[in-house]
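Below is one structure, written out as structure tokens, with a few remarks after it.
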Amino acid sequence: MRITVNGEQRETQAATLEQLCAALGYGEQRIATAVNGEFVPADERPKTRLHDNDRIEIVAPRQGG
């Protein structure tokens, strides 16, 4: 399916938001997620099914000084 992640179009086989995050390398990281503008808490990611043309936002905190 075709989705948009942080403004970039991608093809994915992930069925859920959790699977997508893992496929993109965010597995155990603390991140914030949204699907089509709606915030998705971490415990809802396994139940959040993805659909063609969904817009996903993934925000990861940065470290630095």
Side-chain angles (χ1 to χ4, degrees):
M1 94 181 73
R2 181 175 288 257
I3 60 173
T4 303
V5 178
N6 293 346
E8 183 178 310
Q9 288 198 346
R10 294 176 176 258
E11 290 286 332
T12 184
Q13 300 296 319
T16 67
L17 183 56
E18 180 178 72
Q19 291 173 358
L20 177 68
C21 291
L24 295 176
Y26 293 106
E28 298 296 322
Q29 292 184 27
R30 292 181 149 245
I31 55 175
T33 55
V35 175
N36 299 324
E38 296 290 326
F39 173 72
V40 179
D43 62 343
E44 294 292 323
R45 291 179 197 145
K47 297 181 272 186
T48 302
R49 303 217 32 103
L50 299 179
H51 305 282
D52 214 24
N53 298 316
D54 276 348
R55 291 174 292 107
I56 314 300
E57 298 294 329
I58 301 173
V59 179
R62 291 186 169 187
Q63 293 182 341

From CD1 (Ile3) to CG (Leu17), nearest 0.5 Å
8.5 Å
How would you list, by chain and number, every residue that makes a side chain to side chain contact (heavy atoms under 4.5 Å, CB included) with Pro41, sequence neighbours excluded?
Phe39, Asp43, Glu44
How is the hydrophobic cluster of Val59 composed, in terms of its other members, when Ile, Leu, Val, Met, Phe, Trp and Tyr link through side-chain heavy atoms under 4.5 Å apart, directly or indirectly?
none
Mind listing the side-chain donor-acceptor pairs of residues 28-36 below 3.5 Å, one per line with the distance, residues two or more places apart or on another chain?
unit_1: Thr33; atom_1: OG1; unit_2: Val40; atom_2: O; d: 2.8
unit_1: Thr33; atom_1: OG1; unit_2: Arg45; atom_2: NE; d: 3.0
unit_1: Asn36; atom_1: OD1; unit_2: Arg55; atom_2: N; d: 2.8
unit_1: Asn36; atom_1: ND2; unit_2: Asp54; atom_2: OD1; d: 3.0

Residue pairs fulfilling side-chain hydrogen bond (donor to acceptor under 3.5 Å, both in side chains) with at least one residue in residues 10-26, sequence neighbours excluded
Arg2-Glu11
Under 3.5 Å donor-acceptor, Asp52 side chain and Met1 backbone:
no
